Amino acid sequence: MPPRFADRTDETLPLHVIGKQDLAGWLGAQEPEICAWVEANGFEGGRGQALLCPGDGGRPAMALAGHGSETDRARRRFVLAEAAAKLPAGSYDIRTGPEGQALENECFGWLMAGHRFDRYKARESGTARLVAPAGVDAGRIEALAAGEALIRDLIDTPAADMGPAELEAAARDLADSFGASIATVEGDALLERNFPMIHAVGRASPRAPRLIDLRWGNAGPSLTLVGKGVCFDTGGLDLKPASGMALMKKDMGGAATVLGLARMIMALGLALRLRVLIPAVENAVAGNAMRPGDILTSRKGLSVEVNNTDAEGRLVLADALALADEEAPDLIVSMATLTGAARVAVGPDLAPFYTDDDHAAAALEHAAASVADPVWRMPFHAPYEEMIEPGNADLDNAPAGGFAGSITAALFLRRFVGAARYVHFDIYGWNPDATAARPKGGTGQGARAILAALPDLAGR
Ligand code: BES
Ligand code: MN
Ligand code: ZN
């Protein structure tokens with residue numbers, strides 16, 4: 001079930017969200033009994049503090065949630081969810097607190113705090129529920145939350161239950177829900193239809209590789225989202241060690257993120273011609289696996305020397321990007337858990353992105369800050385182009401030395417895009433440390449920032 005706001009009932013409690021700096025002012029307008037109660041309970045408006053206040057007959061009359069200081073808040077995307085987790089079951093109606101975009105972000109956080117990955121284990125979901133505050137666009141926030149919940153659930157599902165066929169089924173479900181059309185090219189048909197690198201990466205798995213192609217909307221700017229759908233990444237013959245393989249069910253995080261973003265776009269009914277392309281494969285080990293040193297000819301015609309079978313993401317994305325580029329959409333966005341180098345450079349909280357378009361970059365940075373979905377621009381540094389040019393082929397998928405690994409991967413992808421405006425995200429897709437509204441596990445990165453920036457990105 002997608003996260004929803006609660007209905008207002010007779011039992012709904014008024015909630016005052018109070019920051020450290022605002023407590024004195026708020027207390028000034030309260031009865032002495034309330035002031036005494038708040039002081040006796042040590043409520044200071046600290047981040048994550050929660051307190052019920054009694055009214056007639058000792059029954060709770062209102063709730064307080066601490067909003068911390070500005071410096072406390074700067075350390076978290078969502079603050080209110082932290083206090084909400086400590087409130088008893090029931091519904092709450094915000095009467096005092098943040099406004100505008102800050103309030104919308106906190107509402108999104110509260111909805112996400114109620115979401116659980118419960119496919120394999122029954123778990124109580126968040127029981128303190130929020131009534132949609134007046135003035136916020138509740139439908140929009142629910143659309144964002146449903147998209148984010150989809151991203152998390154897809155990533156969290158283990159690879160045994162989320163192979164290429166199951167990822168396709170998830171895309172079909174989504175298409176059915178919103179009247180989108182969907183087509184796939186599977187197995188040897190990938191060769192007949194000229195997707196040689198998707199086939200080469202996926203052919204060693206008994207679970208057939210495929211290209212998923214979803215379309216929705218028939219008016220407005222054209223936006224093509226391309227997501228890396230490596231359902232499990234063993235590394236291939238260049239096998240990953242156990243430590244490197246442990247989390248590789250998340251290697252379809254780019255696919256999950258573009259599906260979640262597509263869900264947001266479709267639920268909001270945006271005037272876009274949307275296309276979602278997902279090369280869905282398992283990078284497996286078998287006698288027919290691609291080998292180090294093999295030279296592949298890509299859909300675009302560029303030859304690629306496979307110097308590491310573990311640099312598989314850029315191979316499958318290259319054929320999908322070439323297809324995307326053939327119809328010259330207004331904007332192409334790729335999202336991929338592409339390199340370990342990106343994770344080393346910026347860690348799990350920031351979504352690094354690349355684009356040549358300064359206007360698009362500024363729009364993304366601005367949107368990211370306002371919707372609490374942080375991004376960081378990285379350079380398509382031209383002097384590194386030579387690093388991806390080997391002796392015997394046009395391109396090298398894994399430059400020796402590993403300098404600037406995220407940049408060289410991005411430069412590789414850019415070779416497959418022509419004139420279209422292009423934005424590439426090298427995301428991590430996983431939250432290693434639980435905080436309020438952000439449990440350990442799969443997580444969306446960049447989707448809400450892109451959504452908020454879309455008017456500036458695709459509409460020009
Ligand atoms: N899926 C991995 C990248 C990855 C690893 C993302 C860990 C997030 C966390 C990708 O397919 C990969 O293995 N990349 C290699 C490329 C290298 C061989 C050039 C990497 O980054 O080590
Ligand atoms: Mn890999
Ligand atoms: Zn991978």
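Please read all numbers here as calculations on a predicted model, not as lab measurements.
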For atom CD of E99, decide whether the heavy atoms of other residues, nucleotides or ligands shown that lie under 6.0 angstrom number more than 12. no

Examine K250 relative to F232 and say whether NZ or CZ is less than 6.0 Å from the centre of the six-membered ring and inside a 45° cone about the ring axis. no

Any chance CD of E39 has more than 12 other-residue heavy atoms, nucleotides or ligands included, within less than 6.0 Å? no

Under a plain distance cut-off of 3.5 Å, with no hydrogens placed, do N283 and T234 share a side-chain donor-acceptor pair? no

Could E327 and R275 be called an ion pair, given the rule that one side-chain N must be under 4.0 Å from one carboxylate O? yes

Is it the case that S334 and Y422 place a side-chain donor and acceptor less than 3.5 Å from each other? yes

Consider side chain to side chain donor-acceptor pair (under 3.5 Å). Of T435, D349, N105, which one does R77 pass it with? D349

R152 charged N/C atom sitting above F117 aromatic ring, 6.0 Å / 45°: no

Salt bridge check: are E365 and R377 linked by an N-O gap of less than 4.0 Å? no

For the rings on F412 and F416, is their centre-to-centre separation under 6.0 Å? yes

Salt-bridge present (D310, K240; N to O < 4.0 Å): yes

Looking at R421 and D357, is any side-chain nitrogen of the basic one under 4.0 Å from a carboxylate oxygen of the acidic one? yes

Tell me, yes or no, whether the heavy-atom count around W37 atom CH2, taken from other residues, nucleotides or ligands under 6.0 Å, exceeds 12. no

Using 4.0 Å as the upper bound for N to carboxylate O, is an ion pair formed by R8 and D93? yes

Just checking N218: does its CG atom have more than 12 heavy atoms from other residues, nucleotides or ligands closer to it than 6.0 angstrom? no

Using 30° and 60° as the class limits, which term best fits the ring planes of W110 and Y92: parallel, tilted or perpendicular? tilted

Taking atom CZ of R343 and atom OG1 of T337, what is their separation to the nearest 0.5 Å? 12.0 Å

Taking 4.0 angstrom as the limit, do R47 and E82 come out as a salt bridge? yes

Answer yes or no: is there an ion pair linking R414 with D356, defined by an N-O contact shorter than 4.0 Å? yes

Does atom CZ of R4 have more than 12 heavy-atom neighbours, drawn from other residues, nucleotides or ligands, at distances under 6.0 Å? no

Would you tell me whether H115 and E148 have side-chain atoms, one donor and one acceptor, within less than 3.5 Å of each other? no

Are more than 12 heavy atoms from other residues, nucleotides or ligands located less than 6.0 Å from atom NE2 of H366? no

